[in-house]
Structure formats: C-alpha cells, structure tokens
Amino acid sequence: MNANQAFDVLDTIAELYPKYVITKRKVDILLPQLKQMDYTNVLKKLSAYAAAHPYPPTLAEIAAYPPATNIYLEQMRQWKKESALVPEETKRQFKQQLDTLLKAMSQ
C-alpha cells in the first residue's frame, strides 16, 4: 500500500473508534509497517474487526500482507521458455547420453 492508503487506514480506525487519537508518533511507527501490507485486505480485516470489537485494533489484528513471490515457480517458467528453444534432436541426444550414463552407474 502507498502512504495515502496507509493514512486512510489510520483515519478509518479513528472514525470507527472516536477515542483513538492519531499522533505524529503513532504515524511514524505505524506508517512503515502499513506500507508493507495489502490495502484492500487490511480494510476487509478492519471491517470484520470493527463488527466484533468495541475497542481499536492493534496492527497485528488487521495485518494482511501480499502473497510472497514464489521464486521457484518463476525459475521453472523461465526454464520452460528456454527449453522450448532447444531443438528436438539435441533433446533426444541428451536423453540418450543420460540413459547410457544411468545404465553405467547401475552396474
């Protein structure tokens, strides 16, 4: 989320909980943490939280982080792209050599 969205989350908490006072110190502490989170999901969690609790949430209670990138999945996609460029004859020769090597190792 960006800074404006993070401020919106804090303003929403203040609107839902009138006794919640936003101070400069709170902003300095919470803003960097909120910027790492997913705005839409934080608002959903805040909405659900507000329906069930009469007191303001802690940051941990409404935290929602975007899913982490799966670097292995991306790497596999890249390998598939690269393998599509390899001629079939080269693949066949490699498979033959691999089969020969595996037979030799199993004896």
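No hydrogens, no waters, no symmetry mates; every other heavy atom, side chains included, goes into these values. We count residues from 1, following the sequence as given.
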K.L.:
Which is it for Ile29 and Gln33 under the side chain to side chain contact (heavy atoms under 4.5 Å, CB included) test, yes or no, and what are the steps along the way?
P.N.:
CA-CA 7 Å; Ile29 291 171; Gln33 302 306 315; 5.7 Å; no

K.L.:
State, yes or no, whether a side-chain contact exists between Ile13 and Ile62 at a heavy-atom distance under 4.5 Å.
P.N.:
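When only atoms from C-beta onward are counted, Ile62 and Ile13 do touch, with a gap below 4.5 Å.
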
K.L.:
Please check if atom NZ in Lys91 has more than 12 non-hydrogen atoms from other residues, nucleotides or ligands closer than 6.0 Å.
P.N.:
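Yes, enclosed.
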
K.L.:
For Asp38, give me all partners under side-chain hydrogen bond (donor to acceptor under 3.5 Å, both in side chains), at least two apart in sequence or on another chain.
P.N.:
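Checked Asp38 against side-chain hydrogen bond (donor to acceptor under 3.5 Å, both in side chains); matches are Asn41.
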
K.L.:
Tell me, which pairs form a side chain to side chain donor-acceptor pair (under 3.5 Å) where one or both residues lie in residues 53-68, sequence neighbours left out?
P.N.:
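Of all non-adjacent pairs touching residues 53-68, those that pass side chain to side chain donor-acceptor pair (under 3.5 Å) are Tyr49-Glu61, Thr58-Glu61.
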
K.L.:
Quick one: pull up CG in Leu10 and CG in Leu31 and give me the separation to the nearest 0.5 Å.
P.N.:
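It is 7.0 Å, given to the nearest 0.5 Å.
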
K.L.:
Counting N and O atoms only, with roles assigned by atom type, does the side chain of Thr12 sit under 3.5 Å from a partner on the main chain of Asp8, one being a donor and the other an acceptor?
P.N.:
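At least one qualifying donor-acceptor pair exists.
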
K.L.:
Cut-off 3.5 Å, side chains only: do Glu74 and Gln78 have a donor facing an acceptor?
P.N.:
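No - no donor-acceptor pair under 3.5 Å links their side chains.
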
K.L.:
Roughly how far, to the nearest 0.5 Å, is CD of Gln75 from CG of Asn70?
P.N.:
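Rounded to the nearest 0.5 Å, the CG-CD separation comes to 10.0 Å.
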
K.L.:
Taking the side chain from Thr100 and the backbone from Gln96, do they hold a donor-acceptor pair closer than 3.5 Å?
P.N.:
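Confirmed, Thr100 side chain pairs with Gln96 backbone.
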
K.L.:
Check whether any side-chain N or O of Gln107 sits under 3.5 Å from a backbone N or O of Ala104 as a donor-acceptor pair, and report yes or no.
P.N.:
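No, Gln107 side chain to Ala104 backbone: no donor-acceptor pair under 3.5 Å.
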
K.L.:
Are Asp99 and Lys103 close enough for a salt bridge, meaning some N to O gap below 4.0 Å?
P.N.:
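No, this pair does not count.
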
K.L.:
Side chains of Pro54 and Tyr17: does their closest heavy-atom pair fall under 4.5 Å?
P.N.:
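The answer is no; the side chains never approach within 4.5 Å.
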
K.L.:
Looking only at heavy atoms, what is the nearest atom pair of Pro66 and Gln36, with distance?
P.N.:
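Taking Pro66 first and Gln36 second, the nearest heavy atoms are CD-O, 3.4 Å.
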
K.L.:
Tell me whether Ser83 contacts the main-chain N or O of Lys80 through its side chain, where contact means a donor paired with an acceptor under 3.5 Å.
P.N.:
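The answer is yes, because a donor-acceptor pair under 3.5 Å joins these two groups.
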
K.L.:
Go through it in stages, so that I can follow the logic: the residues are Gln93 and Gln97, the test is side-chain hydrogen bond (donor to acceptor under 3.5 Å, both in side chains), and I'd like the CA-CA distance, side-chain angles, deciding distance and then a yes or no.
P.N.:
CA-CA 6 Å; Gln93 289 174 356; Gln97 291 174 358; 5.7 Å; no

K.L.:
So, for Leu46 and Pro57, which heavy atoms are closest and what is the spacing to 0.1 Å?
P.N.:
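Heavy atoms of Leu46 and Pro57 come nearest at CD1-CG, 3.8 Å.
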
K.L.:
In Å, rounded to the nearest 0.5 Å, how long is the span from CG of Asp11 to CD1 of Ile22?
P.N.:
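If I round to the nearest 0.5 Å, the distance is 4.5 Å.
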
K.L.:
Do the side chain of Lys45 and the main chain of Ala63 share a donor and acceptor less than 3.5 angstrom apart?
P.N.:
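Here the side-chain-to-backbone pair exists.
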
K.L.:
Could you tell me whether Tyr20 atom OH has more than 12 heavy atoms of other residues or ligands within 6.0 Å of it?
P.N.:
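Yes - once you tally the heavy atoms of other residues, nucleotides and ligands closer than 6.0 Å, there are more than 12.
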
K.L.:
Using a 4.5 Å cut-off on heavy atoms from C-beta on, say whether the side chain of Val9 contacts that of Met1.
P.N.:
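Yes. Closest side-chain heavy atoms under 4.5 Å.
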
K.L.:
Which residues pass the side-chain contact (heavy atoms from CB on, under 4.5 Å) test with Thr23, sequence neighbours left out?
P.N.:
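Result, side-chain contact (heavy atoms from CB on, under 4.5 Å) vs Thr23: Val21, Arg25, Lys26.
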
